[in-house]
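This report refers to the structure that appears directly beneath it.
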There are 2 protein chains.
Amino acid sequence: MEAPRNETRKRLLDTAEDLFSKRGYASVTLRDIGSAIGMRHASLYYYAPGGKKQLYIEVMERNFLRHRHGLTESIKAANGDLRQQLYAVAGWLVSQPPLDFSRMHEADMAEIGQEQAKRLMEMAYDAMRIPIITALEQATEDGLIELDDLNIAAMALVSLIQSVHNVPTHYGFELRQRIGTKLVDMLLDGWLKR
Amino acid sequence: MEAPRNETRKRLLDTAEDLFSKRGYASVTLRDIGSAIGMRHASLYYYAPGGKKQLYIEVMERNFLRHRHGLTESIKAANGDLRQQLYAVAGWLVSQPPLDFSRMHEADMAEIGQEQAKRLMEMAYDAMRIPIITALEQATEDGLIELDDLNIAAMALVSLIQSVHNVPTHYGFELRQRIGTKLVDMLLDGWLKR
DNA sequence: GTCTATATTTCGATAGAC
DNA sequence: GTCTATCGAAATATAGAC
């Protein structure tokens, strides 16, 4: 007895978000989105009257908010221990389609307005940076780590973990999760034997 | 007294490569490339008769070959020492526009033929993997490191270093180079104090 | 070699039937 | 709510003048 309207709209937003974040703004057409949910592209305007640009902004915003919330909760669930916190970060990131900040900045943002672009990029960075930096600051106070730029460290961690999506051979979801934790171990313990 | 024809063609290929690798296939129009070198888009067909698709394939191939050569030579120039070798890798990667394997796989490759796509992706992976793995194998033999998957490690290193391009504040070239070496240190020594 | 002009296709978007 | 039909803009590509 759910409202079918909201169900369909949610399917639309989910599909659009997946396609936009994977392939970028220009590569995804409204016809692509429509056919992915079994609908003519003209019908999308019933759910997204603002058109493609507005739809992109809305779903990417949603994407960033979900990342921020998901990362925050993941870290919180692993109370205290840094390694478990970063495992949780890895688990979250591996479960999501990868975000390419460089492409977003160079290509996607040129197609929406300048103020919108600035706002969206800040949201994207904050979604990743802030939850992770919180954990790193705690670990720094505890004397566990000593990094001279937590912003760089946080973005480095994100980029490192997202490399699971770049590995040529297609590993399954379970294996990808294990690789995610392996990458965290690499970063915490270092490659060099001792 | 250089041949002006080849000069112009080189400028075209350089520009196209930069735009394609930064923004992806769909986001770059022939008009973008043309206006970047001060030419009408129709004139590009004199230098690239195969059109946009062929041009993309040609310049990305060139990009991958240059990466493979550049990485190999960078590593060779730093004879022996692993840390210096990885500094050299970082120096090379930071000097180049970042390559997004995920976007290439999800978006760009769908627009060219399937066989071409497979061949290009393999070239891209090999360009990064093979030179780096060579250095890692040497270090493994020397007993310096002990990693259970060098493919994953190599791609992780690439992804980690490329995160310098994702840092919000725009650092200059010199500073980026320093961040590149910092990231290598992170990966070799690990975050955890000892 | 580079241009203008134009053909063809594809895309975003609107109007209106049902 | 979803469709068909269609418009205007923009993109790739070709033809031909200069």
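Residue numbers begin at 1 in each chain, while the letters A, B, ... track the order of the sequences.
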Distance in angstrom units between [X] [atom1] and [N] [atom2], rounded:
| X | N | atom1 | atom2 | result |
| --- | --- | --- | --- | --- |
| Ile112(A) | dG12(C) | CD1 | P | 16 Å |
| Leu55(A) | dC11(C) | CG | P | 16 Å |
| Glu111(A) | dA9(D) | CD | P | 18 Å |
| Leu12(A) | dT2(D) | CG | C1' | 13 Å |
| Ile37(A) | dT2(D) | CD1 | C1' | 11 Å |
| Arg40(A) | dT10(C) | CZ | P | 15 Å |
| Glu7(B) | dT2(C) | CD | C1' | 17 Å |

Exercise for the section: Quick one: list whatever passes salt bridge (charged side-chain N to carboxylate O under 4.0 Å, His left out) with Lys118(A), sequence neighbours left out. Expected result: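 Expected list: none.
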
Handout entry: Closest listed nucleotide, where the reference is the side chain of Tyr46(A) and the choices are dC3(C), dG1(C), dG1(D)
Key =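 It is dG1(D).
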
Problem - Test side-chain hydrogen bond (donor to acceptor under 3.5 Å, both in side chains) applied to Gln96(A) - qualifying residues, sequence neighbours left out - result: Arg66(A)

Handout entry: Set of side-chain hydrogen bond (donor to acceptor under 3.5 Å, both in side chains) partners for His165(A), sequence neighbours left out
Key = none

Practice task
Using distance alone, with no hydrogens and no angle criterion, decide if Asp18(B) and Thr15(B) have a side-chain donor and acceptor under 3.5 Å apart.
Solution key: no

Fill in the blank from the handout: ring-ring contact (aromatic ring centres under 6.0 Å, His included) filter on Phe64(A), not counting sequence neighbours, yields none

Handout entry: For Tyr87(A), ring-ring contact (aromatic ring centres under 6.0 Å, His included) partners two or more places apart
Key =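 ring-ring contact (aromatic ring centres under 6.0 Å, His included) list for Tyr87(A), sorted by chain: empty.
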
Practice task
Check whether any side-chain nitrogen or oxygen of Ser43(B) sits under 4.0 Å from OP1 or OP2 of dG1(C), and answer yes or no.
Solution key: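 It does not, given that no N or O in the side chain of Ser43(B) lies less than 4.0 Å from OP1 or OP2 of dG1(C).
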
Problem - Nucleotide-resolved protein contact map, nucleotides 12-18 of chain D, B/S/- at heavy-atom distance under 4.0 Å - result: BBB----

